[in-house]
Amino acid sequence: MPTVPTGGELKNLTFVGLFAGIGGFELGFKTAGFRPILMCEIDENARRVLDTRFPEVKLHSDIRDLPKLPKVDVLCAGFPCQDLSAAGKTAGIEGSHSGLIWEVFRLLKRGPKPSWVVFENVPFMLQLNGGKAIKVITEELAELGFSWAYRVVDARSFGIPQRRRRVILIASRSGNARRVLLGDEAPLGDQQDNGACGFFWTEGNTGLGWARNAIPTLKSGSGLGIPSPPGIWLKGKGIFTPSIMDAERLQGFPANWTACVDPSKARFRWRLVGNALTVPIAEWLARRILQPGPYDHRTDTRIDVHTGGWPYAAWGNAANVFRSNASEWPVSRKWTPLSEFLEHEMSPLSFNATAGFLKRARASRLKFEPGFLEDVAKHVEAMGQNSHATKRTNPSKAFVPASQ
């Protein structure tokens, strides 16, 4: 097993962040001891965050006119997911957004090549078009001389009450990607119900995104592209939405990480946070690059990549692809219940938003947890009766709707 670099050696470990967003990969790797030397991000609001939080790092705007990569140890790229998401356009790896990954391959072919490459995206890419995206990506990496491994990881594994599943793919020209990504395995964390559940209030026809004692995945926007926080049901107390500060914390950032965004564009903070990589995942990955763990591959089985649909964890090279039994829980950190995690004032979900959700939910064939729709109905009545009920309230003193 390689030794962990320390002192001056650690300061020499460098990385570049492409599609950097608000710096999820970047903050995680920097916390683990890596030094960022270049970031690339096209969104002006995200660039403002990066300029504020990483003022010492060179920032480039458009990957399409980035001429070449600097010499670095690691390249991180959470490339756009719009064309690979079940909620998106499903145009696939050739789409105008997700297809920007070809710019990463352009840069890798031009060189210099980093020792490690890390990609992040949504799990639906493993199913869309028979897993074409992951097939193309791994084939391109193999042609460039990289062996690789990927794994679906859930943010709840890191003690964060957000059900957020993401594909993490790591590739190397000399290291063992399996030992970095697949070796850690932990039991499912204790997530006992403490009276708080999360859901997407923008849905209600065919799904809820239901999450007990957690929120569902923070998203960059609704189906209409409007940034919107998830709903939180505090049993017997009402329906609320979290503050942007707690949303940042639910992604592993300090509260107010995006507060530097122009106040006139404050609603875009939700989109920035929803697009980010959860910071503790990046930090765990960075530390595993420094010190890989053991991985026993003897029970892994070779798969046929032409049959369509890829497993939730796999590894391979130019010659073969193998299914891994690695779960979505690489670690099991102390679980913080959702109601205890939230530190900042929440807002009652508005009358119109709650009434619209209730109408869709009642017309659907979905099954609901006992008491949920009853509390939603009470919340609609209370919000209609209380013209001042939209004022912010502390979670510990949550607004209690009038009883029916």
Query raised in the report: Within a radius of less than 6.0 Å around CZ of R173, do more than 12 heavy atoms belonging to other residues, nucleotides or ligands occur?
Result: yes
Requested in this report: With sequence neighbours left out, write down each residue that passes side chain to side chain donor-acceptor pair (under 3.5 Å) with D262, or none if nothing qualifies.
Outcome: S264
Report summary line: Sorted by chain and residue number, the ring-ring contact (aromatic ring centres under 6.0 Å, His included) partners of F79 (sequence neighbours excluded) come out as F119
Report task. Tell me, please, whether F54 has K30 positioned over its six-membered ring: NZ or CZ under 6.0 Å from the ring centre and within 45 degrees of its axis? Result -> no
**Report entry** By ring-ring contact (aromatic ring centres under 6.0 Å, His included) - contacts of W116 (at least two apart)
**Finding:** none
**Report entry** Test ring-ring contact (aromatic ring centres under 6.0 Å, His included) applied to Y295 - qualifying residues, sequence neighbours left out
**Finding:** none
**Report entry** Test of ring centre spacing under 6.0 Å for F372 and F199
**Finding:** yes
Requested in this report: Go through the structure and list residues passing side chain to side chain donor-acceptor pair (under 3.5 Å) with R110, not counting sequence neighbours.
Outcome: none
Report task. Could you tell me which residues satisfy ring-ring contact (aromatic ring centres under 6.0 Å, His included) with F29, sequence neighbours excluded, listed by chain and number? Result -> F15, F34
Query raised in the report: If you look at every heavy atom in L69 and P112, which pair is closest and at what distance?
Result: O-CD, 3.1 Å
Query - Residues in salt bridge (charged side-chain N to carboxylate O under 4.0 Å, His left out) contact with K58, at least two apart in sequence or another chain - result: none
**Report entry** Listed partners of R302 passing salt bridge (charged side-chain N to carboxylate O under 4.0 Å, His left out), at least two apart
**Finding:** none
Requested in this report: For N205, check side chain to side chain donor-acceptor pair (under 3.5 Å) against everything at least two apart and list the hits.
Outcome: none
**Report entry** Pair listing, side chain to side chain donor-acceptor pair (under 3.5 Å) test, anchored in residues 43-53, at least two apart
**Finding:** E44-K265
Query raised in the report: With distance as the sole criterion, is a donor-acceptor pair present between the side chains of W284 and D184 under 3.5 Å?
Result: yes
Query - Charged tip of R249 within 45° of F341 ring normal and under 6.0 Å - result: yes
Query - Residue pairs involving residues 127-138 (criterion salt bridge (charged side-chain N to carboxylate O under 4.0 Å, His left out); sequence neighbours excluded) - result: K135-E139
Report task. Could you tell me which residues satisfy side chain to side chain donor-acceptor pair (under 3.5 Å) with T258, sequence neighbours excluded, listed by chain and number? Result -> E248, R269
Query raised in the report: Between W315 and F322, is the gap from one ring center to the other below 6.0 Å?
Result: yes
